Amino acid sequence: MSEAIPDPVLYCAKIERRFHDAERELQVLRGADLAIWPGQSVALIAPSGSGKSTLLQIAGLLEKPDAGEVYVNAQATVDLDDEARTRLRRLAIGFIYQSHHLLPEFTALENVMLPQLIRGLTKAEASKRGTELLSYLGLGERLTHRPSELSGGEQQRVAIARAVANGPGLLLADEPTGNLDPKTSGHVFETLMTLVRVSGLAAIVATHNLELAGRMDRRVTIVDGLVVELA
């Protein structure tokens, strides 16, 4: 008996998105499809203005499409109300941006604890999970340091720990190493990919770095509003 194929963590089906200005309508996505499965990493390589950030926003439930459906863990999301979308996003999706967006007044550990406390974990539980994550990412001796006391690479590793602190199944990263030098970028990226592999996360990483993209399981781009697989 063949083993059942798991549902994709994320399935963006026939996504359309258009924007209006005073003179015209700009259609950015024209029926785009994208599916990603547990433990899989996908590089999204596309020029500015192609719809890359729009697709990530829609995949992360931060923006609704004009048509189509977004399934997260096989659950349709487009018609969910704002409260339900926020709850699902908080539990199922982690975000990493080019800028780390750490809260400067809090330590590395406190930054990682915050999303867990918002979810409802106790301080002790959040501290234990945060310490384990930061130690795994090589920051065990930097727990009490504030962002200003950390290097750029260390700050971004804290941001990675914060993004996965609530155990999401999907990780969305928008140029996560874009502000780092090549050596640090490679180290942070490898840390991220190792975390994806060992945790079974599904990850979509928007990047212009073709060398880093080449280390991922799949590479896709956006052409004429459609998602296209690259070799």
Side-chain angles (χ1 to χ4, degrees), residues 9-10 36-43 60 73 87-207 209 211-213 215-217:
V9 177
L10 170 74
I36 178 171
W37 282 264
Q40 192 174 70
S41 59
V42 177
N73 297 325
R87 182 168 57 251
L88 181 59
R89 185 169 59 242
R90 184 179 296 155
L91 297 177
I93 306 173
F95 297 88
I96 307 171
Y97 299 99
Q98 184 169 334
S99 178
H100 53 77
H101 295 303
L102 299 176
L103 297 174
E105 66 272 28
F106 292 106
T107 66
L109 178 57
E110 289 167 342
N111 268 279
V112 179
M113 288 172 61
L114 278 172
Q116 301 177 77
L117 296 173
I118 292 171
R119 180 180 176 179
L121 270 66
T122 67
K123 190 173 181 180
E125 290 170 330
S127 178
K128 182 175 184 292
R129 167 76 169 162
T131 299
E132 289 172 349
L133 277 170
L134 289 169
S135 297
Y136 179 80
L137 295 175
L139 296 170
E141 298 182 356
R142 311 289 274 170
L143 301 178
T144 60
H145 289 68
R146 288 181 169 77
S148 61
E149 301 171 309
L150 301 173
S151 69
E154 288 171 335
Q155 291 171 358
Q156 200 64 328
R157 277 184 280 161
V158 175
I160 291 171
R162 180 184 58 189
V164 301
N166 279 335
L170 175 65
L171 186 65
L172 302 176
D174 194 356
E175 296 287 349
T177 61
N179 286 338
L180 305 176
D181 64 81
K183 182 178 179 181
T184 303
S185 175
H187 180 65
V188 169
F189 184 85
E190 193 54 46
T191 300
L192 177 59
M193 288 300 99
T194 299
L195 187 61
V196 168
R197 287 190 293 269
V198 301
S199 65
L201 271 168
I204 302 176
V205 180
T207 181
N209 190 318
E211 191 274 327
L212 296 182
R215 302 188 208 175
M216 302 180 71
D217 298 322

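All values reported here derive from a predicted model rather than from experimental measurement. For the numbers below, each heavy atom of this structure counts, side chains included, while hydrogens, waters and symmetry mates do not.
Put simply, the side chain of Leu192 does not reach to within 4.5 Å of the side chain of Thr177, judged on heavy atoms. When side chains are defined from C-beta on, Ser127 counts as touching Met113, because their heavy atoms get closer than 4.5 Å. Looking only at side-chain heavy atoms (C-beta outward), Ile160 and Val188 come within less than 4.5 Å of each other. By the 4.5 Å heavy-atom criterion applied to side chains, Glu154 and Arg142 are counted as neighbours. Contact annotation: the side chain of Leu172 never approaches that of Ile96 to less than 4.5 Å [non-hydrogen atoms, C-beta and beyond]. Using a 4.5 Å cut-off on side-chain heavy atoms (C-beta onward), Leu114 and Glu110 make no contact. Taking the side chain as every heavy atom from C-beta outward, Ser199 and Val164 never approach each other to under 4.5 Å. Here the side chains of Pro176 and Val205 are in contact, with some heavy-atom distance below 4.5 Å.
The two residues Ala92 and Asn73 come nearest to each other via the heavy atoms CB-ND2, 4.1 Å. Across all non-hydrogen atoms, the minimal contact from Gly169 to Val9 is O-CG1, 3.6 Å. Between Gly130 and Val112 the shortest heavy-atom distance is CA-CG1, 3.8 Å. In terms of heavy-atom proximity, Pro147 sits nearest to Leu102 at CG-CB, 3.8 Å. Taking every heavy atom of both residues into account, Gln116 and Ala126 meet most closely at NE2-O, 3.3 Å. Among all heavy-atom pairs drawn from Ala43 and Met216, the shortest one is CB-SD, 3.4 Å.
Under a 3.5 Å cut-off, the side chain of Gln40 and the backbone N or O of Gly200 do not form any donor-acceptor pair. Side-chain atoms of Asn166 never come within 3.5 Å of backbone atoms of Pro168 as a donor-acceptor pair (strictly under, hydrogens ignored). With hydrogens and angles disregarded, a donor-acceptor distance shorter than 3.5 Å links the side chain of Asp217 to the backbone of Ser41.
The number of heavy atoms from other shown groups lying within 6.0 Å of CD (Glu141) does not exceed 12.
For residues 138-197, the set of pairs meeting the ring pair (Phe, Tyr, Trp, His ring centres under 6.0 Å) definition, not counting sequence neighbours, is empty.
Distance OG1/Thr131 to CG/Leu139: 11.5 Å, rounded to 0.5 Å. The distance from atom CG of Leu180 to atom CD of Gln98, rounded to the nearest 0.5 Å, is 8.5 Å. Rounding to the nearest 0.5 angstrom, the gap separating the CG atom in Leu143 from the CG atom in Leu133 is 11.0 Å. Remark: Arg146 CZ to Gln155 CD distance equals 13.5 Å, nearest 0.5 Å. How far CG of Leu201 is from CD1 of Ile36: 9.5 Å, rounded to the nearest 0.5 Å. Taking CG of Asn111 as the reference point, atom CG of Leu103 lies at 5.0 Å (rounded to 0.5 Å).
For the salt bridge (charged side-chain N to carboxylate O under 4.0 Å, His left out) test with Glu190, the passing option among Lys183, Arg157, Arg197 is Arg197; the others fail.
Using bins of under 30°, 30° to 60° and over 60° for the plane-to-plane angle, the ring pair Tyr97/Phe95 lands in the parallel bin.
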